[in-house]
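Count residues from 1 along the sequence.
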Amino acid sequence: MTTERPTGTTGTTGTAHATSATSPTGPAGTTSTTDTTRTARTTAVSRTFHLAARPHGFPTPDLFSVHEAPVPEPSPGTAVVENLYLSVDPYHREEMDSGWDVGAPREGRALGRVIASRAPEFAEGDLVLHREGWRTHAVVAPGDSGVRKVPSYDGVPLTAHMSLLGGTGLTAYAALTRTLELRPGQDLFVSAAAGGVGTAAGRMARLLGAGRIVGSAGTPAKVARLTEALGFDAAFDYHDGPVGELLAQAAPDGIDAYVDNVGGDHLAGAISALREHGRIAWVGAISQYHSAHEPPAAPRNLFDIVEKSLRLEGVMVRNYRDVQQELEDFLVPHLRTGAVVPEVTVVEGFERTVDGFLGMLRGENTGKMLIRIAD
């Protein structure tokens with residue numbers, strides 16, 4: 001499903017070098033996807049979001065600024081890409097507190113098309129995944145972390161490379177197959193199951209032969225989609241009561257494994273529901289991203305990990321780059337037949353990147369939240 005969401009403008013630019021992300025200015029500078037001459041590249045405008053200030057609580061649009069510069073020229077061994085899709089992710093909120101420098105460009109996953117190259121590995125027109133997101137153009141180099149040419153798979157939409165076949169999908173696949181070592185017939189709980197990693201985990205778990213799959217989400221509509229379209233056997237809205245009680249109702253016989261995207265009360269509920277020797281793959285902690293300076297206390301039942309011989313392990317996608325081809329071999333056949341379709345929410349326009357980011361933090365997306373900025 002691709003959900004197009006009408007959003008207000010939060011990231012427009014005018015003629016100044018830097019503008020506030022909320023400035024009501026004129027049309028953005030033009031870019032080109034086909035003209036790769038030196039003149040075209042140096043007269044086109046590249047736009048980049050910078051972090052203007054640290055947040056206190058939920059982020060606001062004034063924390064972002066847009067900077068303009070000529071589209072860069074590639075140096076030997078590099079290529080210039082025009083970005084087509086940008087990814088906005090929950091971890092970006094955490095990076096705003098300490099990871100990114102104030103006044104510096106933001107980073108994130110992106111899919112771009114090469115418009116000029118001095119790297120033999122990249123030809124003009126190639127599609128490249130990289131980590132220079134939150135901008136219209138980027139300079140990339142083969143071999144840099146996160147930089148790879150997108151393979152050509154007939155019948156596979158571009159959005160799949162930013163979701164199921166991208167870092168989001170790789171995180172879910174590594175969590176299931178490496179951290180949890182999920183086996184056919186085992187029962188699974190996924191928190192934030194309607195998000196990017198959550199929907200991917202549910203899809204893949206079903207393909208891997210999981211037993212009962214239970215998910216949590218934040219709205220009745222998302223709960224319905226999990227069970228009606230995304231392969232979940234049961235789901236609940238975590239606003240409807242204590243998570244532990246809701247999970248016990250959805251999985252009365254317990255669970256074997258848990259993909260944790262939330263932390264907090266979801267982690268505590270999962271610890272209670274896990275059978276002996278159960279496993280937890282901890283991917284994220286959405287529940288505390290807006291209170292990093294005052295994180296919540298650890299679950300009161302944390303010692304149950306010892307008493308039930310549970311295993312809890314964090315999942316960092318950068319540790320599983322060598323699993324990428326295995327993921328593609330696993331999913332591409334299902335994508336080609338249409339048995340699996342990328343679950344994405346797409347916001348249109350670079351100037352709406354902040355809208356998409358804040359909307360994702362508010363839970364307005366189903367599946368992966370993407371920003372489409374060029375064709």
Side-chain angles (χ1 to χ4, degrees), residues 1-2 129 150-151 153-217 222-235 250-251 253-261 270 274-275 278-284 313 315 317 319-345 365-368 370:
M1 179 191 74
T2 300
L129 285 165
V150 173
Y153 293 126
D154 292 338
V156 175
L158 286 182
T159 54
H161 295 286
M162 290 290 285
S163 54
L164 288 171
L165 299 179
T168 298
L170 184 58
T171 298
Y173 186 74
L176 294 172
T177 63
R178 297 320 196 257
T179 310
L180 298 179
E181 299 177 337
L182 188 71
R183 295 183 292 276
Q186 291 189 327
D187 300 325
L188 175 72
F189 173 45
V190 182
S191 58
V197 172
T199 54
R203 294 270 199 186
M204 294 179 194
R206 182 57 67 211
L207 293 174
L208 291 167
R212 186 170 179 80
I213 305 176
V214 177
S216 68
K222 290 183 177 181
V223 168
R225 180 144 187 87
L226 291 176
T227 56
E228 294 171 5
L230 296 177
F232 286 76
D233 296 290
D253 296 325
I255 57 174
D256 298 294
Y258 172 43
V259 176
D260 189 4
N261 295 299
L274 278 161
R275 302 176 182 125
R279 287 96 59 211
I280 301 168
W282 200 346
V283 175
E313 183 179 338
V315 182
V317 69
N319 297 327
Y320 297 98
R321 299 297 182 195
D322 59 337
V323 183
Q324 180 66 42
Q325 189 59 54
E326 180 183 322
L327 168 66
E328 294 180 18
D329 293 342
F330 173 67
L331 274 184
V332 167
H334 299 289
L335 287 163
R336 280 177 161 162
T337 63
V340 173
V341 178
E343 189 80 6
V344 299
T345 300
N365 57 301
T366 299
K368 186 79 180 73
L370 298 174

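Nearest heavy atoms, Val190 versus Gly198: CG1-CA, 3.8 Å. Smallest separation of non-hydrogen atoms from Pro151 and Glu328: CG-OE1, 3.6 Å. Here the closest non-hydrogen pair linking Ala270 and Tyr258 is CB-CD2, 3.2 Å. Between Val156 and His161, the shortest heavy-atom distance links the atoms CG1-NE2, 4.3 Å. The two residues Leu274 and Ala257 make their nearest non-hydrogen contact at CD2-N, 3.7 Å. Across all their heavy atoms, Ala235 and Leu226 have their closest contact at CB-CD1, 3.9 Å.
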Stepwise side chain to side chain contact (heavy atoms under 4.5 Å, CB included) test for Tyr320 and Thr179: CA-CA 11 Å; Tyr320 297 98; Thr179 310; 3.9 Å; yes
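Applying the side-chain hydrogen bond (donor to acceptor under 3.5 Å, both in side chains) criterion to Arg212, with sequence neighbours excluded, gives no partner residue. Residues satisfying the salt bridge (Lys or Arg N to Asp or Glu O under 4.0 Å) test with Arg206, not counting sequence neighbours, are Asp233. In terms of the ring-ring contact (aromatic ring centres under 6.0 Å, His included) criterion, Phe232 has no residue partners (sequence neighbours excluded). Qualifying side-chain hydrogen bond (donor to acceptor under 3.5 Å, both in side chains) partners for Arg275, counting only residues two or more places apart in sequence or in other chains: Asp187, Asp256. With sequence neighbours left out, the side-chain hydrogen bond (donor to acceptor under 3.5 Å, both in side chains) criterion links Ser216 to His266.
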Donor-acceptor pairs under 3.5 Å, side chain of residues 164-177 to any protein atom, not counting sequence neighbours: which ones?
from   : atom 1 : to     : atom 2 : distance (Å)
Thr171 : OG1    : Gly167 : O      : 2.7
Tyr173 : OH     : Glu326 : OE2    : 2.6
Thr177 : OG1    : Tyr173 : O      : 2.7

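Atom-to-atom distance recorded for Asp329:CG and Gln324:CD is 10.0 Å, nearest 0.5 angstrom. For the atom pair CD1 (Ile213) and CG (Leu182), the distance works out to 8.0 Å, reported to the nearest 0.5 Å. Atoms CD and CG, from Glu313 and Asp260 in turn, are 13.5 Å apart once rounded to the nearest 0.5 Å.
The salt bridge (Lys or Arg N to Asp or Glu O under 4.0 Å) test with Glu343 is passed by exactly one of Lys222, Arg225, Lys368: Arg225.
Contact of the Leu331 side chain with the Met204 side chain is registered, since non-hydrogen atoms from C-beta on lie closer than 4.5 Å. You'll find the side chain of Phe330 reaches within 4.5 Å of the side chain of Leu207, heavy atoms only.
A donor-acceptor contact shorter than 3.5 Å links the side chain of Ser191 to the backbone of Asn261. Arg336 contributes a side-chain N or O that, together with a main-chain N or O of Asp154, makes up a donor-acceptor pair within less than 3.5 Å.
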